[in-house]
Structure formats: C-alpha cells, structure tokens
Amino acid sequence: MPELPEVETVRRGLERHLLGRTVLRAEVRRPDLRGPLPPNMAEDLTGRRFVALERRAKYLVIRLDDGKVWLVHLGMTGRFSLSPTDPGEPQKHDHVLLWLDDGGHAAFNDARRFGSMDLFPGEELKGHRSLRSLGPEPLSPDLSPESLAVVLEGKKTPLKSALLDQRVIAGLGNIYVCEILHRAGLSPRRAAHTIVGKGGRPTPRVERIVEETQAVLSEAIEAGGSTLKDFSGVDGALGYFPHSFRVYGREGEPCPSKGCQKTIERIVQSGRSTFFCPSCQR
DNA sequence: CTTACACCCTGCTCGC
DNA sequence: TGCGAGCAGGGTGTAA
C-alpha cells in the first residue's frame, strides 16, 4: 500500500531513529519475502553503522559505513516497528530484527511478504535491476511537462496505466494516480498520447498532471510528517489519510468538484480499481 | 520495442 | 457463529 509519500514518511522516521546508529545484532526470522533475502544479510548488517537514509521512488536506500547499500521495498504491507528498547517477543510477521547501540530495536514486519530487500556495494546502485529503469522523481526537477510529454508520446495505453508505470513517473501508486487524474480533470480511460502535443510537446493537460502530481504528493508527505511525533510514527505511518482522498474508495459518493452533481464510479483497469468522476474527468 | 496479464501473499469484509 | 469468496495492489516475469 505504501506509495511515495508513505515511504518518504517512513524514511524520515528511520532517519530520526537509525541514522548514526550501529547494529549490535541482526536476526532474520524468515528469509523469503517476495524473493529470497540476500544471503548472510544478518551477518553483513552486524557491526555496521547507518550513514544515510535515502529514498528512490518507493525504495528505501539505506547506506552503511562500509559503502554498501541496504535496499528495502515495503511492498504492500511492509513496515518498520521501532522502539527505544527491546520489546521482547517478536510480533507475528516480524521477519527481520535489529538491535542498536543505543538500546533501540527495529523490526521489519510484512504480513503479505510482498516486500523485498537487497544488500550490495553502493557503486552498483544506479545499475541495480530494481532502480535502473525508474522514471523521474516526481518532486524533483527531473519531472517537467516537457519530460512527461516526451515519455507519453505515442503511448496507446490508458492514461491511468501510463501513470502507474514506474518508468513514466517513479513512485506513484493506484491511490495517488486516481487522485491526480481527478484533480487534473482528466479521464483515466483516455489514451495517454492524446494529451501530448505535436512533436511530443507539452500541453496544458500535461502541465496539469505535473502540477497536481506535485501538489498531491507534497500534501500527503506533509500530512504524514505531522504523524511522526515519536516512535509510533514509523509504526503507524503506513495508514494513509483516508479523509483526504477525493475519489479513491468513494464509489457511489458525490463528486467533490465544485458544481459537479455526478457520482464517483469504480472501474477496473489492468486489474486495479480506478475511481473517477465520468462527468468532470474528460 | 510495446502492451497485457498472471502471479506472489495474508488479512479483512461481506454475504449466507 | 462459522466459512468461503472476493478484494486489496506492489513489482516482476512471461507471452503475444
């Protein structure tokens, strides 16, 4: 479930509690998430200090003092539980446990095991299989109307599917794509190339997508940050902020757009639910 | 190259 | 109260 804002919130929580800490002991309780964990991960983490906590798309990029990177993806249900002391008995679905040099404790918990981890030399980061084909970070200058128009040019796939493609914009998921398209007034069913101008030039519609993408993500990160008061932040941060969604999960409710009298509908596109207003999204 | 779709997994909700 | 069906959707692998 976590999309970019949720992962960013987790990153900030980890940065607060892990940065500068050394791992005294690590334990892998279940070595198979979506794929196998890197061999000897517990041994390789032991004695290491966390020197940077970064994010790329929905990946956590955790840099260690020996130059290696611990790459973590939360999948659907992955989360870190942090506590200032050893909580004793592990929780159900705690797959990786860390004991830190300040007495703190971290547990990676993932009920559905859609998460993934890797551990490799930092120089390999850019070329890593999971990262090399990612598109621009949406909150960086790499995403612009010009760059987005070029990528969408000629794409016949529905706009909804295009925006979910991590090669188009890195870090968007089903929920925020629905929100972005509603705010931009664009139909999720429209073929992606139909909003691009001649010669792959941006149009006002492309500009709107970029604006609303940045607005939605920034607002969500801000909302997430406000929940990061203490240890419970990283713990509980994976809750979205459901009351702030305008269309996601609101099938049958009135469209929130000013003056729009229609009702939010749900359709399925490439196996995912799409929530949208057929009247004000064109 | 592009596009589409099945698969992995568990917890929760819903209807009977 | 139990129980099965359906749903949730990240990323990846495969096929057309």
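The shown structure was predicted, so the numbers you read here are calculated from the model rather than taken from an experiment. Chain letters run A, B, ... following the sequence lines, proteins first, then strands; residues in each count from 1.
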Report yes if a side-chain nitrogen or oxygen of [X] is closer than 4.0 Å to either non-bridging phosphate oxygen (OP1 or OP2) of [N]; otherwise report no.
X: A:Arg266; N: C:dA8; value: yes
X: A:Gln166; N: C:dG11; value: yes
X: A:His93; N: B:dC9; value: no
X: A:Lys92; N: B:dG11; value: yes
X: A:His73; N: C:dG11; value: yes

Nucleotide nearest [X] (side chain, heavy atoms from C-beta), chosen from [options]:
X: A:Arg129; options: B:dG11, C:dG13, B:dT10; value: C:dG13
X: A:Arg112; options: B:dT10, C:dG11, B:dG11; value: B:dT10
X: A:Phe114; options: C:dT12, C:dA8, B:dC8; value: B:dC8
X: A:Ser273; options: C:dA8, B:dT2, C:dG10; value: C:dA8

What is the distance, rounded to the nearest whole Å, between atom [atom1] of [X] and atom [atom2] of [N]?
X: A:Met76; N: C:dC7; atom1: CE; atom2: C1'; value: 10 Å
X: A:Phe245; N: C:dA8; atom1: CZ; atom2: C1'; value: 13 Å
X: A:His193; N: B:dT2; atom1: NE2; atom2: P; value: 15 Å
X: A:Ile175; N: C:dC7; atom1: CD1; atom2: P; value: 17 Å
X: A:Met117; N: C:dG11; atom1: CE; atom2: P; value: 15 Å
X: A:Arg30; N: B:dT10; atom1: CZ; atom2: P; value: 7 Å
X: A:Asp32; N: C:dG11; atom1: CG; atom2: P; value: 20 Å

Shortest non-hydrogen contact between [X] and [Y], atoms and distance:
X: A:Lys262; Y: A:Cys277; result: CB-SG, 4.0 Å
X: A:Phe275; Y: A:Val247; result: CB-O, 3.3 Å
X: A:Pro278; Y: A:Thr263; result: CD-O, 3.6 Å
X: A:Pro202; Y: A:Pro145; result: CB-O, 3.5 Å

Is a donor-acceptor contact shorter than 3.5 angstrom present between the side chain of A:Arg113 and the base of B:dC9?
no
Select base, sugar-phosphate, or nothing to describe what A:Gly173 touches, counting heavy atoms under 4.0 Å on all strands.
sugar-phosphate
Looking at every strand, decide which applies to A:Ser116 at a 4.0 Å heavy-atom threshold: base, sugar-phosphate, or nothing.
nothing
Would you call A:Arg183 and A:Glu211 a salt bridge, using N to O less than 4.0 angstrom?
no
Does the distance from a Lys or Arg side-chain N to an Asp or Glu carboxylate O, for A:Arg113 and A:Asp32, drop under 4.0 Å?
yes
Which is more 5' along DNA chain B, the nucleotide nearest A:Arg272 or the one nearest A:Arg167? Just name the residue.
A:Arg167
Using the salt bridge (Lys or Arg N to Asp or Glu O under 4.0 Å) definition, which of the options A:Arg21, A:Arg48, A:Arg25, A:Arg49 pairs with A:Asp101?
A:Arg21
A:Arg79 and A:Ser81: side chain donor to acceptor below 3.5 Å:
yes
Does any residue of residues 145-165 of chain A have a heavy atom under 4.0 Å from DNA chain C, and if so, which ones, in number order?
none
